[in-house]
Structures are given as structure tokens and as C-alpha cells.
**Student:** 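One structure is given below, represented as C-alpha cells, and several questions about it will come after.
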Amino acid sequence: MPGPTAGGAYAPDPLIALRPWEAPEVTSWGRLPMNAVDRRAGALSLDGDWRFQLLPAPDAPDGVWARAEVPGAWTLQDTDDLPQYTNFRMPWGDVPPASPAANPTGVYEREVDVPAEWAGRRIVLHVGAAESVLLVHVDGRPVGISKDSHLAAEFDLSEVVRPGRRATVRLTVVKWSDASHIEDQDQWWHGGITRSVLLYATDPLYLADVTARTRIDGELRVDCQVRHAAGTLPEGWSVSGELDGRPLTPDTAFDRANMEDGRVSGFLGEARLGTLVPGVRRWSAETPELYGLTVRLHRADGSVADSTHHRVGFREVEVRGRDLLVNGERVYFRGVNRHDFHPLTGRTVTYAEMHADLAVLKRFGFNAIRTAHYPNDPSLLDLADELGFYVVDEANIEAHDHAHELADDPRWTAAYVDRVTRMVLRDRNHPSVVVWSLGNESDYGANHDAAAGRLRRHDPTRPVQYEGAAKQGWADPTVVSDIACPMYAPVEECVAHALSGEQTKPLIQCEYSHAMGNSNGTLADHWAAIESTPGLQGGFIWEFWDHGILQRVNDGRPAGRGGAGQYADGVAAPGHRWAYGGDFGETIHDGAFIADGIVFPDRTPKPVMYEHREIAAPVRLERAGDGLRITNRRHFRGLDRLAAEWRLALADGGTLTAPAELPDVPPGGSATLPVPFDLPDDGGEAWLTLRVTTAVDEPWAPRGTEVCVPQVRLRPAAAAPDAAVDGPPVEVDDAGLLVHPLLAAAPVLSLWRAPTDNDELGGMAARWRAWGLDRLTREVVSVRRAGQGVTVLAEYGTPAGVVRHEQVFTRVPGGVRVEESAELPDGLEDVARVGSVFETVAGLDVLEWFGQGPWESYPDRSAGAPVGHHRARVDDLFTPYLRPQESGGRHGVRNFTLSGPDATGLAVALDAPRQVSVTRFAAGDLAAAHHDELVPRIGCVVHIDAAHRGLGTASCGPDTSAAYLVRTGTHRWSWTLRLL
Ligand code: IPT
């Protein structure tokens, strides 16, 4: 910061003169070592409103002060520097370590009254996170520099501030730097101070770090580092500790060894405490048992100089052969990648919000998180310890655009080592952290090896993974990854590896099943393979959030905190929308690729969550002879804390319920039971569901929350086609189109769906457009009447051949049967659907169906939608994906009714379970860029599909598998339309 000298000239500020934003070797200056000591209690919060100005460059002179909120990104506050989204392209062209000349630099300033009672104490400034270079000045004096936008930086202010006096703290945050080149993650670019700022004081004699290690036999070892502000430690200090009230024992042998070989010098004290807890309760994601650890540092007179509190869990992680074991068990990793994200505040997230994230994950069967692609907010790990998650803690390194160049570049070695080391020092006491990750998408080089060396020294108890290294050979023992952790590997490739005899490491995909838009097809197939193939242990879905930023439509600005309450159920309120790449006027951006989560930007679960919940169900139900088998699929506990109820859904009857008693079965065990109902002779197709709920209030869900709904079919449908009857002839117009009082548009052939993100990015949509499937023209070939019936033949021409479509309309009791066939020529390979589409008149607002539901399902994403009687308002059937696309489908529908408030309407019975959708939108209506731009029709658009293409995950990763593709040749389907 330039400051006036005695002569009135400006002396260059050393922190600016150094140009640390273009010096990768400079990872910090004046910054204290990272540690795990908890300083939150007793700290002075400096959060709130700060003086703020945004300079055009770090070395620009001061301008005009405004205000900004800390913590918070300035890109979401009242500045002209708006968020920008790029996947891995750097938003500016300069090669590392250069940064652009136009480099927004936020200057934050405020006065701080340093408490008078801190006299004689050591005073520390803590900045939770700043993006991407932080320069600290106090009262004009340079204090320090820090990099790494996702880890805290601490600075000793004892010599700079005076207790009882006021000090001016100035935090300069440079947005673009050499560090941006290794923070090139697929997310919004922001600038600002994104986590809390604190000031705290300690005794001059203080705990510099505390490391707790546990074993599952109940052994706890606590290593303490002690320092003194004056440099040399005074004589006679000691540490003591307790675990839930049980005193820890000082390890005198350790102390003696330290003394004898002189390892404890005058400035660094080391001491070890320990205990053995008999009958210890083990920590796991299913049993997140925590013990409270308090460590105290005493002066020679026994008085307490410092203390810290931690929660520890007794658990062990180990790679044995090709299994990753937690407490000796080969657990499955039902994981998701999680960014720190909020639609109003960007990367600033509160404890309550993180709790809500984890609660929703827990409710939907997830047990693992990869902190993509940087250490998440520290409270996330407290919550993961408490709620029970296995965490892959990832360092903030992604050099994506310059991955290969930087991996071996010695100028960046310090940065790679620094980021990995500081993460480990911050997080190693958390039982939830089971694996360290060296970062993401940064190729593999000497810098990774250097970081891993330091990491293994600091924490030999956990495995290390790094996808960039694993890519060089899943079984290669020479690369620095204990886990084969590919991304988006086809399931067949994973199975082949596991069966090859070559596998040497656990195979857990660090990213798979890309959740962009209407996606996650074949998730159940992945899990069928994982559970039946030793060596496969799961993976981490990409990703948790759709990162839509709430934006005001009128002025295009981010809504910021003012947007609170301006969204619900995944949808932005009128006048707002979920912004994605390009919406803030950026020319360089990657569009809707940022909207690829399993939850909407407001955390509303997308339909895939239900699919996952069922795949992860703790209880499995199967037929076993005449009875049933219930299996406990947990790894560490019985079926305790769960309640259940039986439901019997009869196609031609209603739904019966009966209380269920879950058997007492150990993890992995099963029990057989009789079918709990006597099946009535009538009622047709019958499905038995075990509705499992939480039996008690859990930290993540109240009692009675649905956990899974496994089901078995007890009786198949009996085929009983309606006989043709006499009656008035079926009416068709001259074009052979059915005339019906409730149809606004008659059923015609549909081969098209509004492309999903997978269809677009996978290239299918381009092919379908080239064939003109989005604008098919129907030509009537013949209309033949016979008795009451009519046969209509039509043709739809495409550059890949002509599709012949026949409809046979027959009078049946109370309505019309429509028998259809469509012949797809060989050239029309892999279309979106083959089926009928029609539109109803207005006034039919409720859909009731017997089939899979209640949520959206598709052929390759239907394992989580139980068969039953379902009911929904038509307006609620469409899923509001951020970029409009095919949505609202229901798989396995047998029959449905569409009715108005007076219960009149139409009833449709299908010849077989079919993919059906009833929405307010024709496929062609879904061409808008954002959901809020859609204009619903007043009638219903109904699709009945003989075949519907799977969703796959081709926006990033494998497409759906062959079994879910629409084949060429003849498709036949039929349905009956009646009035209610
Ligand atoms: C992979 C990235 O790790 C992740 O951040 C995200 O971009 C994801 O893809 C796609 O959404 S990298 C890709 C090149 C496989």
C-alpha cells in the first residue's frame, strides 16, 4: 500500500513492489504455520461491513471507498466485476505465471478495537479464505502474504497492534495471479474474502498444534507441539488431556526420548499423551461415534496457559490388496463431489447450510464426499464427523489449462507442496477424512510426488489418491496413488480391470455419472456391477450442485443476499432466474456445463436422488420361494433405528397397508418372512413394497423420514385385451386424424425429444436435427374404414429413410382402442423415442397413474421409482432443469387418467408398461435457454412411447448402454382411450 513519506512522496509498498501475484515461488510471507488447534472460542469476529474499493489493478492508486460484506465475494455484491464461468479454459490468455493487466483488486479496510485485556498476549489475525492472493497491512505496515483461495491464513500481529488501541486492518485481495493457474477448477470465477475473518489472542505459551491418532482397539495418541511467543520455551511447562472426562496419560518415554536426543530444543516443545479406551465405540459413516478430546497446556505452576477441544473418532483406514478397508470392512463408497456453493453468496456457506447439504445427502443414501476440488469450509468436516461421511479431502490444485506444463515446473513445487501440506495439517484430526487427494486434473509430475512425500510424512495413516497419476496405469505401483480413481470410466472397463487379474489397487471412481440436466442414466447398472465384482468399491457422482446463481432478470445483476426467499422447489421466483455461463455478459464461458448437480441451486433434490436412494437402500427385499427375503445391506449395524410398513398395490384395486416388523439381522445378513397379505383373487397385477423410514429423530432427518421403498412383484398382469364392440364409428378427419372431444391435437407419431444436455453434448441431437426429427411432416397415405373402425397409414419422410406409421382405431366398450406400428428404416438408428403424442383440451389438471413413480423416471434411470398408484398435478410433473430439455417422463406406466376438478376427463389403458409423459410443453416448446422463459400450454401434452432412449451421461462420460437404445425395425404399441 503506498504511504506518504516525510517528504510527501510515496514510498513503494514492499508487498506490491514484489508483485507476488506473478511469483509462483511466493506462496506466503509472514504467514503462521497451519495447525489443527481450534481457536474459534473467544475469538473476536471481524465479519460484517468493511470499507471497500475495487481497483483496476493491484498497483493502482486508491480510489473511492464503498462498502462490502465480509465474508462474501465482491463479484456478487455491488461491483462491476461479475461472476464468470469457465470449465477449464483460463479466462485470459497469458501463460503462467502471468496475470492480466486488468486485474480486479479488492481493498478491504476496517478499524479494529483491540481488547485491552489482551495486554501481554499473542494476537493473531485469521483470514478464512481470500481469492486468490491476500496482502495484509495493519496501520500501513506490511504484515503478510498468502495464497490458496480455500485455506485460512494466520498472521501474528502481536508486534503490530496495541491492546486497548484501535488498529486499521487492510486486506488487499488480488483476483488474478500465478495461483489462478492452479485454481483452474470447473466453477465460477469470483474474487473476495469468502470465509470469516477473526482476531484472537493466546497466552505467550501456546499450543502450536495437536495431532490425534486413534486405533480401533481404543488406543488414542495425542501429539502436542508447544511454543512460546518469546522464542525460547520457559522451563516446566506440561500438557494434560482428557477424553470425555477420562484423563490421558503422559507418555514419559516419549518425553525422555525427546530430551535425550535433543529433539526438543528451546523453541519447540513436543509432548505425547495417550490412553486406551476399553470397549471403544468405533466411528464409521454408519456409526459416527465421537469422543470429546480436551488438551491443556500448563505453565510451570500448573495453571492453564492454553487449551483446545477436538472431537475424535476411533477408526482405521487401510488399503489391503485391492480393497480399501474401514475398520477392516470393505465398505462401499456411495459418494458425491461437493463444492462450497450457494446461489446468493457463491462460495460463502454457513454452518446451517452445510448441515442441510449433508442432511439431504444422508437422506438419499450417500455416505461419502470428495471435497471437489479444494478443501471445503472447515465446518464441513465437523459435520461429516458428526453425521457420518467418508471424506476424500482434496487439495486446492487444478492446473487444468496448463496441467502438463506446471506438473514438473520447479517454480510451482512450493505451491503444490504448500497446498497439500496445509490441508493435511488442518484436517488430519477428523475421523471423516479417510483419503487425501493431491488435487484434480493437473496431469502428473514431480510436483505431485513432492507434495505426496510431505503428505505421507505428516500423515502415514491414510491412503493418498490422485486421478492424474492413476490415469497412467490403474495398477501401476510406481505412480503416487494408492487408489485407482479414474473419472467417467465405462462400467465395462472397470469390470474388465477387476476381472483381469492385474488389479492391484481398490477401484473407486473419483467422478462418474455426470449429473448435467436430465441425466445419470445407467446408475443402477454401475451399482449392479460394483456389488457383484470384487475390486470395485463405488465412486463419487459428479456433482452435488447445479451452480446456478440467482440473477435479477431486469438488470442482469446477481441477486446476492437480497435474493433470499426468491426461489422455491428448484425454481427462481418471477423476475429472477438461475444464471449459468454467459448470463453475466461474459464472452468466454462454458454455458450450462456448470449446472450438473443432483440438486438444484436451492438444494431441491432432482429425481436422480430417488434413484440413488433406492440403489443405496439399507434394506433389500426379494422373493424367496413363496415368501420374502429381507437383507441388511449395512456394513456396521443391524436394522435398528429403522421402522417399516408394508404396502400392497393392486393394479385393479387400491393400496393396502399393514405394519411391518424389521427382523433382527446383522450387517450383511438376511432373514426370510412370509408374504404379509393374502392376495385377493381379483385386483390384477400386484406389487408389494416395504416402506422403510427412520424410527427415531436422526441428526439428518426427523423420525418417519422415508429411507427406501424396496419392492417385489407378487403377481404379473393378466393380458385381457378388450373385445371390439358395436357402437358409433370411430371418427377421424380427412387427414386420418382422430377426432375426440377432449383432444386438442390428435395422436401422431413422435420420434423426437427436446434434447437433454447429454443428447446435445453427446452429438445425438445434432444427428436427430439433421434427420429433421424435430420437424417431421406427416403425409397420409390411406384412410380405410371397416365397420366401426378405421385404419390410417401415414408416412414421415427423413433423409435417412421413410418411417411408415399405421394406426388402427377400433371401438371398444366405453372408448377407442388405438393400435399403432411404426417401421423405422435401418438408417434411422438411435432416435430419441418412438411413440404417439397428442394434446388435450384445457381443464385436465390432475394425472393419476398406475406404474412407476411418483418422481420422474426413464428406461435407464428407473430403479428407484416403485410401481404403485400415483397422483400429481400436471403442473408439477415437469422437472425444471435449468436449461429446458426433455423432462417429466414416467417409466413403466400401465394406465392413467387425466381429470379436471369435476372428476371428468379421460382414461388411458396401455398394452404394456410404457414410458409416458404428461406436461404443459411440447418438445418444440423447450428451445428456450432458461426454465423461466417457458410458456406453459393450457392443455396437456401427452407422450406414450413404445420405446424411449435411455438418458446416459454423454455430456461427460459414457452414453447409455446398447440395451437402452431405440432400435430400428418395427415397433408396435396400443392403448385405449375412454372418457372418465
Ligand atoms: C472433470 C472435472 O474434474 C470436473 O471438475 C468437472 O469439470 C467434470 O469433469 C465435468 O463436469 S474433468 C473432465 C475433463 C473429465
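Residue numbers start at 1 and run along the sequence shown. Computed from a prediction, not measured in an experiment: that's the story for all the values here. Computation of the quantities below employed the complete heavy-atom set of this structure, encompassing side-chain atoms and omitting hydrogens, waters and symmetry-equivalent molecules.
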**Student:** Can you confirm whether the side chains of S240 and H298 place a donor and an acceptor under 3.5 Å from each other?
**Tutor:**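 On atom types as modelled, these side chains qualify, holding a pair under 3.5 Å.
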**Student:** Can the ring centroids of Y567 and W578 be said to lie less than 6.0 angstrom from one another?
**Tutor:**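 Y567 vs W578: aromatic centres under 6.0 Å.
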**Student:** Distance alone, cut at 3.5 Å: any donor-acceptor contact between the side chains of H339 and Y374?
**Tutor:**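 There is such a pair (donor and acceptor under 3.5 Å, judged by atom type) between the side chains of H339 and Y374.
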**Student:** Taking atom types as modelled, is there a side-chain donor on T694 or R703 under 3.5 Å from an acceptor on the other?
**Tutor:**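 Looking only at side-chain atoms, R703 and T694 do not form any donor-acceptor pair under 3.5 Å.
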**Student:** Check this for me: does any side-chain nitrogen of one of D323 and R330 sit under 4.0 Å from a carboxylate oxygen of the other?
**Tutor:**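 Yes, D323 and R330 are salt-bridged.
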**Student:** With a 6.0 Å cut-off on ring centres, are F314 and Y291 close enough?
**Tutor:**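 Distance test on ring centres: under 6.0 Å, yes.
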**Student:** Please enumerate all residues that pass ring-ring contact (aromatic ring centres under 6.0 Å, His included) together with W700, with sequence neighbours excluded.
**Tutor:**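 ring-ring contact (aromatic ring centres under 6.0 Å, His included) check on W700 returns nothing, list empty.
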**Student:** For W527, does the six-membered ring have the charged nitrogen or CZ of R334 within the cation-pi criterion, i.e. under 6.0 angstrom from the centroid and within 45° of the normal?
**Tutor:**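 Ring-cation test returns yes.
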**Student:** Start with the C-alpha distance between R347 and Q187, add both sets of side-chain angles, then the distance that settles side chain to side chain contact (heavy atoms under 4.5 Å, CB included), and finish with yes or no.
**Tutor:** CA-CA 10 Å; R347 307 199 213 294; Q187 59 176 340; 2.9 Å; yes
**Student:** If you take the centroid of each ring, where Trp contributes its six-membered ring, are F366 and F389 closer together than 6.0 Å?
**Tutor:**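 So the answer is no for these two rings.
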**Student:** Any salt bridge linking K147 with D418? Criterion: basic side-chain nitrogen under 4.0 Å from a carboxylate oxygen.
**Tutor:**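 Result for this pair is no, no salt bridge flagged.
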**Student:** Does the Lys NZ or Arg CZ of R122 fall within the cation-pi geometry relative to Y206 - under 6.0 Å from the ring centre and within 45° of the axis?
**Tutor:**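 Positive - R122 is close enough to the ring of Y206 and near enough to its axis.
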**Student:** Residues in salt bridge (charged side-chain N to carboxylate O under 4.0 Å, His left out) with E645, at least two apart?
**Tutor:**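 R647.
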**Student:** Are the side chains of R281 and T287 in touch, meaning some heavy atoms are under 4.5 Å apart?
**Tutor:**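 Not in contact.
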**Student:** For the residue pair H612 and W855, is the inter-centroid distance of their aromatic rings smaller than 6.0 Å?
**Tutor:**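 For H612 and W855, the ring centres are not under 6.0 Å apart.
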**Student:** Tell me every residue that passes ring-ring contact (aromatic ring centres under 6.0 Å, His included) with F341, counting only those two or more places apart in sequence or in another chain.
**Tutor:**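 By the ring-ring contact (aromatic ring centres under 6.0 Å, His included) rule, F341 matches W545, H547.
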**Student:** On the 0 to 90° scale, with breaks at 30° and 60°, tag the Y200-H126 ring pair as parallel, tilted or perpendicular.
**Tutor:**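 Ring orientation, 0 to 90° scale: tilted.
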**Student:** Would a distance-only check, ignoring hydrogens and angles, find a side-chain to backbone donor-acceptor pair under 3.5 Å from D203 to D306?
**Tutor:**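 Not a single qualifying donor-acceptor pair exists.
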